[in-house]
Amino acid sequence: MKKILVLHTGGTIAMHAAEDGDVEVGAENPLNQAQFDLPAVDLDIENIFNIPSEHITPEHMLTLYKRLKDADKDYDGVVITHGTDTLEETSFFLDKTLGLSIPVVMTGAMRSSNELGSDGLYNFQSALRVAIDEEAANRGVMVVLNDEIHAARFVTKTHATNVATFASPISGPMGMITKRQIIFFYDLPKTMTYPIASVSKKIPVMKAYAGMDGQILSLFAESEHIDGIIIEALGAGNLGEDAARGVQELLDSDIPVVIVSRSFNGIAEPVYDYLGGGIQLEKSGAIFARAVNGQKARLKLLIGLENGLSAEALTDFLHEF
Ligand code: ASP
């Protein structure tokens with residue numbers, strides 16, 4: 001019989017709606033009473049946190065990492081329940097640090113446990129089905145909701161309230177769940193992972209916009225409180241002239257600047273050769289992170305800096321697709 005470690009962290013999947021409809025955190029996780037229609041499986045359940053996912057910080061991610069880094073010695077798979085708001089970040093952090101071959105599956109819910117059409121138990125059961133599936137190993141961290149399987153590296157929350165909120169704009173879902181089958185559509189190339197022991201680096205994410213004031217970036221350059229910065233740049237990774245001057249000030253102050261696209265889909269890459277264009281940003285020392293949004297690039301830079309990677313290794317890690 002397969003042995004699965006279940007870590008509950010909280011989120012809507014663990015919450016309930018009060019009489020006035022307001023969704024609240026309860027003392028007891030309703031998932032602890034869950035009954036499933038599953039083949040025999042041995043579940044080891046731990047309520048590691050019971051918090052909304054907006055309260056999740058890299059410290060919580062590190063706690064999960066430490067609990068899971070040797071999980072393959074005792075378990076055949078792992079399921080983590082989590083709030084959906086930052087689920088993509090925790091899943092990405094674990095994907096870039098754990099490197100386990102056993103399935104690690106994260107899930108959540110958009111409707112709390114006692115709401116009409118609650119999706120929590122169903123998603124939890126789907127996640128367990130994926131975690132015990134014979135084809136699920138060696139796929140990195142997966143995110144399972146609404147009958148779809150997504151790779152942590154591509155998934156993002158796309159809708160504030162709809163149950164069909166998770167999507168992988170670049171790659172499409174990695175698989176699907178039917179009543180009787182788990183189907184994987186493709187295998188992903190293996191990517192780099194790095195262990196992690198601390199998460200103290202300060203890395204803000206800034207979104208670019210038409211007319212972005214470079215002075216906002218200069219303020220960061222003068223501050224001693226940041227270790228790097230992510231800029232969600234325009235299109236394929238471009239900035240206005242004033243913002244480009246601000247980036248130069250950051251780089252002159254030895255603050256790593258990572259460029260991603262603010263576009264919802266596609267990859268940031270240097271294409272344009274003028275002040276603020278991607279080619280000039282890269283020439284001046286900014287690093288392009290491919291295939292990740294700002295919040296994921298932030299975690300990649302955090303993991304890279306915590307590991308003391310050389311400039312070259314950091315660039316390779318951020319460039320990796
Ligand atoms: N606010 C909730 C959370 O992330 C949303 C959810 O779980 O769907 O904890």
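Every number for a ligand or one of its atoms is a count from 1 in the order of the listing.
No N or O atom of Lys157 sits closer than 3.5 Å to an N or O atom of ligand 1. Between His82 and ligand 1, a contact under 3.5 Å exists for no N or O pair.
A salt bridge is absent between Lys190 and Glu320: the closest approach of a Lys/Arg side-chain nitrogen to an acidic carboxylate oxygen does not fall below 4.0 angstrom. Lys157 and Asp85 are joined by a salt bridge, as a carboxylate oxygen and a charged side-chain nitrogen come within less than 4.0 angstrom of each other.
Under 3.5 Å, the side chains of Thr86 and Glu89 contain no donor-acceptor pair of N or O atoms.
Atoms of ligand 1 lying under 4.0 Å from at least one heavy atom of Pro52, given by number and element, are 9 (O). Close approach to Gly83 involves these atoms of ligand 1, each under 4.0 Å from a residue heavy atom: 3 (C), 4 (O), 7 (O), 9 (O). Close approach of ligand 1 to Gly11 is summarised as follows: ligand atoms under 4.0 Å from at least one heavy atom of the residue are 7 (O), 9 (O). Remark: ligand 1 atoms within the under-4.0 Å shell around heavy atoms of Glu54 are 1 (N), 2 (C), 3 (C), 4 (O), 9 (O).
Counting protein heavy atoms only, atom 2 (C) of ligand 1 is closest to Thr12 OG1, 3.4 Å.
Closest heavy-atom approach to atom 7 (O) of ligand 1 among the candidates Thr84, Ile13, Ile51: Thr84. One option in Ser53, Gly10, Ala14, Ser112 has a heavy atom closer to atom 9 (O) of ligand 1 than any other, and that option is Ser53.
Side chains of Leu31 and Val6 form no contact here, defined as non-hydrogen atoms less than 4.5 Å apart. Using a 4.5 Å cut-off on side-chain heavy atoms (C-beta onward), Leu217 and Met206 make contact. The shortest side-chain heavy-atom distance between Asn307 and Pro195 falls under the 4.5 Å cut-off.
Contact between Ala109 and ligand 1 is present, with at least one heavy atom of the residue lying under 4.0 Å from the ligand.
In this structure, Phe36 and Phe124 have perpendicular ring planes: the angle between them is above 60°, well past the 30° mark.
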